[in-house]
Structures are given as structure tokens and as C-alpha cells.
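Report on one structure; see the data block that follows.
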Amino acid sequence: MSRDEKFKPYVAVWLIAEKNEQILLLRRYNTGYMDGHYTLVSGHLEENEGVTAAMIREAKEEAGLSLSREQISIGHVTHRKCPDREYIDFFFVVKDLSDNPENREPDKCDDMQWFTMSELPDNILPNVKFALDAISKKSHFDEYGW
């Protein structure tokens with residue numbers, strides 16, 4: 001990158017959907033990245049879109065969840081370094097989810113389950129596990145991968 005170019009990180013949104021003291025996880029399938037690993041409902045920010053709007057959109061697209069701004073709150077922010085790019089990750093929380101999620105992207109997700117925090121699967125994305133641990137410790141910001 002030249003001195004005249006501005007650095008532009010990628011922005012991702014993640015949803016920690018809670019119901020009956022469990023969180024919703026999806027298993028990645030056929031994506032080319034960490035397939036077979038569990039993750040949260042998530043996605044990337046689109047141009048001219050706020051992070052809250054992106055989270056609401058992704059929740060609808062991936063799991064059929066109809067969320068409002070009032071239902072979700074920020075739980076954690078991570079500045080994450082990957083081998084080929086950097087991310088700013090916004091982890092949102094919705095407590096006592098009333099909707100029943102459904103897999104709306106079976107071409108990218110082959111399993112959707114509820115897990116307790118004490119019994120998370122071993123094959124969970126490392127940065128998701130990191131953020132969930134940070135939230136359990138009441139941390140609102142951290143850096144990952146540095």
C-alpha cells in the first residue's frame with residue numbers, strides 16, 4: 001500500500017442470540033473458509049450501511065430472525081488481524097429471543113443448534129470463542145491475532 005492510499009479494514013457483524021440460557025450457533029458448510037466449524041449468525045457490512053442495520057439484515061437473511069434496533073445491544077468489539085486482512089468485529093447480543101430461527105442458507109450452513117456456554121462445541125471458530133470468553137469476563141473491547 002502506498003502512502004497515498006488509506007487503509008480500509010473489513011467490518012463484520014456477529015449475533016449472539018440467547019434463548020433459555022443457550023446461544024445459537026451455525027455450522028459452516030461449502031464456504032471455503034473454516035467449513036465444519038460452528039459460528040454465530042454473521043456477515044459483512046455493505047457500503048452505506050450502519051453496523052446495526054447490517055446485523056438486522058444478516059439475522060433475517062441467515063436465520064429468518066426479525067430483529068429491531070431496540071432488541072439488540074453491542075456486547076463486544078474486536079480488532080482482529082488475519083493473515084490477509086484486518087477486521088473490526090461488532091458482536092451484538094439479543095437476549096430472550098422470541099423468534100424461532102431457521103436455516104435460510106443451507107448452501108452455506110449444514111447445522112443450526114442451541115448450545116450452553118459451558119458446552120460449546122470444540123469446532124467453534126477461534127475468534128468467536130475468544131469473543132464469547134471476553135464477553136463472559138465483561139470485556140467490551142479486545143484485539144485478536146496480533
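Just so it is clear, the structure is predicted and the values come from calculations on it, not from any experiment.
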Check the surroundings of atom CZ in Phe115: do more than 12 heavy atoms from other residues, nucleotides or ligands lie under 6.0 Å from it?
-> yes
Would you kindly say whether [X] and [Y] are connected by a side-chain donor-acceptor distance under 3.5 Å?
X      : Y      : answer
Thr78  : His76  : yes
Gln113 : Asp111 : yes
Asp89  : Trp14  : yes

Value rounded to 0.5 Å, distance of CG in Asp35 from CG in Asp110 | 8.5 Å
Evaluate ring-ring contact (aromatic ring centres under 6.0 Å, His included) for Tyr87 paired with His44, printing each intermediate quantity in order.
-> CA-CA 10 Å; Tyr87 279 90; His44 291 94; 5.7 Å; yes
Taking the side chain as every heavy atom from C-beta outward, state whether Pro9 and Arg85 have any atom pair closer than 4.5 Å.
-> no
Side-chain contact, heavy-atom cut-off 4.5 Å: Ser42 with Phe90?
-> no
Mind checking what makes salt bridge (Lys or Arg N to Asp or Glu O under 4.0 Å) contact with Arg69, not counting sequence neighbours?
-> none
Sequence-distant partners of Lys81, salt bridge (Lys or Arg N to Asp or Glu O under 4.0 Å), two or more places apart | none
Where do Ile88 and Val77 come nearest, in terms of heavy atoms and distance?
-> CG2-CG1, 4.1 Å
Between Glu62 and Lys108, is there a side-chain N and carboxylate O pair less than 4.0 Å apart?
-> no
May I ask you to decide whether Lys60 forms a salt bridge with Glu58, counting only side-chain N to carboxylate O separations under 4.0 Å?
-> no
Between side-chain atoms of residues 128-146 and protein atoms elsewhere (two or more places apart, or another chain), which donor-acceptor pairs fall under 3.5 Å?
{"residue": "Lys129", "atom": "NZ", "partner": "Asp133", "partner atom": "OD1", "Å": "2.9"}
{"residue": "Lys129", "atom": "NZ", "partner": "Asp133", "partner atom": "OD2", "Å": "3.1"}
{"residue": "Ser136", "atom": "OG", "partner": "Asp133", "partner atom": "O", "Å": "2.7"}
{"residue": "Ser139", "atom": "OG", "partner": "Phe141", "partner atom": "O", "Å": "3.2"}
{"residue": "Trp146", "atom": "NE1", "partner": "His79", "partner atom": "O", "Å": "3.3"}

